[in-house]
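Start at 1 with the first residue, then count along the sequence.
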Amino acid sequence: MSHRCEPTPAWADDAPTGDTAGPRTAVDKAFELLNAFPPGTTTAGVTELAQRTGLTKSTAFRLLAAMERNGFVERDGARYRLGVQLHEIGGRVYEPVPGGMYEALSHVMSYVVEQTGHTAHLGVLRQDEVALLGRLRGPRSNPSTLTMGTRFSAYHSALGKALLAHHLDPADQLMPKSLESELREVRRTGLAFSHGEARPNLSCVAVPLRGNFHRPVAAISVSGHSKHFDHHRYAIVLRSVIAEAERVLQGSVRAQDRGPRPRDPARGYSR
């Protein structure tokens with residue numbers, strides 16, 4: 001009696017033995033490779049990635065080549081790093097405004113920088129981290145390693161506190177009493193501050209921005225060296241742009257007609 005030999009599926013060459021979940025598909029393996037990369041722009045070699053995922057080197061190399069062609073990884077000599085295409089796709093998750101939140105609010109960011117001379121940041125909350133959507137530097141800005149897509153602790157940044165205050169119930173969280181009190185104050189005033197928490201000698205003030213359903217979806221901030229930072233004046237600047245920024249986020253302003261520029265903060269602000 002003859003037995004016909006069926007070819008082994010390509011996805012089965014690295015199937016783990018005893019795995020009750022079944023063999024891994026090529027898509028599974030590609031995702032595992034992406035998750036095996038170290039954070040940031042650190043590179044990794046094929047052997048290292050293969051060992052972390054349990055794949056053969058030939059399979060890892062083949063999948064990395066396919067991901068490189070599509071921009072999901074970039075090659076640096078014989079090593080690889082995560083590619084810009086991942087950031088592009090991630091930005092679609094972060095940004096509720098068609099065309100990009102940062103692009104939509106660029107005129108607001110420019111106004112903030114013009115009035116303060118410091119760096120303006122735009123971020124959204126992702127669990128307990130802030131994902132940075134954009135940064136616009138001013139003439140008084142200090143060098144910074146933050147780039148678009150950077151994620152950092154929400155608990156140590158004004159951007160994060162501005163959003164945490166509206167997404168968490170401080171009374172239900174296991175957090176230091178000082179932070180609980182601070183978040184309550186952010187809720188009351190609409191202003192969040194950080195003083196050397198994220199980085200020594202760096203001060204920051206931020207305000208939340210409400211999108212549709214009037215729930216904060218992003219925050220905008222001004223940061224600069226503590227020695228030259230006027231918290232009160234910069235808070236007035238940020239408050240003066242809230243209405244304009246929220247009109248953009250809520251889709252009530254067309255790209256070609258975003259209304260008048262925010263009024264000069266020097267004339268004061270009334271809540």
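A side-chain donor-acceptor contact under 3.5 Å links S226 to the backbone of N201. Checked by atom type and distance alone, the side chain of R81 never pairs as donor or acceptor with a backbone atom of E74 at under 3.5 Å. With K161 contributing its side chain and F193 its backbone, the two residues share a donor-acceptor pair below 3.5 Å.
Between F229 and Y234, the ring planes are perpendicular. Angles over 60° get that label, and only those under 30° would be called parallel. Using a 30° and 60° split on the angle between ring planes, H231 and H195 fall in the tilted class, from 30° to 60°.
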Task: S153/H156 under side-chain contact (heavy atoms from CB on, under 4.5 Å): CA gap, chis, key distance, verdict - done: CA-CA 6 Å; S153 171; H156 301 102; 3.1 Å; yes
- [ ] For the pair V241 and Y111, evaluate side-chain contact (heavy atoms from CB on, under 4.5 Å) and give the outcome as yes or no after the intermediate values.
- [x] CA-CA 8 Å; V241 303; Y111 180 81; 3.6 Å; yes
Open item on the list: Before you tell me yes or no, could you show the steps for L133 and V124 under side-chain contact (heavy atoms from CB on, under 4.5 Å), namely the whole-Å CA-CA distance, both residues' side-chain angles and the distance that decides it to 0.1 Å?
Closed with: CA-CA 7 Å; L133 297 187; V124 293; 3.7 Å; yes
Open item on the list: Is there a side-chain hydrogen bond (donor to acceptor under 3.5 Å, both in side chains) between K57 and T47? Walk through the geometry before answering.
Closed with: CA-CA 6 Å; K57 286 182 63 176; T47 301; 3.3 Å; yes
- [ ] Would you please test L105 and L209 for side-chain contact (heavy atoms from CB on, under 4.5 Å) and show each step?
- [x] CA-CA 11 Å; L105 295 177; L209 302 175; 4.2 Å; yes
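Electrostatic pairing of R247 and E244 counts as a salt bridge here, judged by a charged N lying under 4.0 Å from a carboxylate O. Taking a cutoff of 4.0 Å between a charged side-chain nitrogen and a carboxylate oxygen, E129 and R126 do not qualify as a salt bridge.
Here the closest non-hydrogen pair linking R137 and T119 is CA-OG1, 3.8 Å. Taking every heavy atom of both residues into account, L249 and G211 meet most closely at CB-CA, 4.2 Å. R52 and P38 make their closest contact through NH1-CD, 3.7 Å (heavy atoms, listed as atom of the first residue, atom of the second, distance). Residues P208 and A162 approach most closely at CB-O, 3.7 Å, considering heavy atoms. Closest heavy-atom contact between S223 and H121: OG-CE1, 3.2 Å. In terms of heavy-atom proximity, E32 sits nearest to T53 at O-CG2, 3.5 Å.
With rounding to the nearest 0.5 Å, the separation of CZ in F152 from OG in S157 is 5.0 Å. Rounding to the nearest 0.5 Å places CG of L183 at 9.5 Å from NE2 of H166. Interatomic distance, Y155 OH to E197 CD, rounded to the nearest 0.5 Å: 13.5 Å. Atom CG of L179 is separated from atom CD of E182 by 6.0 Å, given to the nearest 0.5 angstrom. I236 contributes atom CD1, which lies 13.0 Å from atom OG1 of T116 (distance to the nearest 0.5 angstrom). Between R233 atom CZ and Q115 atom CD the span is 7.5 Å, to the nearest 0.5 Å.
For V73, the side chain to side chain contact (heavy atoms under 4.5 Å, CB included) criterion is met by L34, F37, L64, M67, E68, Y80, not counting sequence neighbours.
In the hydrophobic cluster analysis, where Ile, Leu, Val, Met, Phe, Trp and Tyr join through side-chain heavy atoms closer than 4.5 angstrom, V186 is grouped apart from V217.
The side-chain heavy atoms of R210 and R215, taken from C-beta on, include no pair separated by under 4.5 Å. Side-chain atoms of H118 and V237, non-hydrogen and from C-beta on, never get closer than 4.5 Å to each other. Between L122 and L159, every side-chain heavy-atom pair lies at or beyond the 4.5 Å cut-off. L136 places a side-chain heavy atom less than 4.5 Å from the side chain of S110. Counting heavy atoms from C-beta outward, E185 and L191 have side chains that stay 4.5 Å or more apart. With a 4.5 Å cut-off on side-chain heavy atoms, R151 and V130 do not count as touching.
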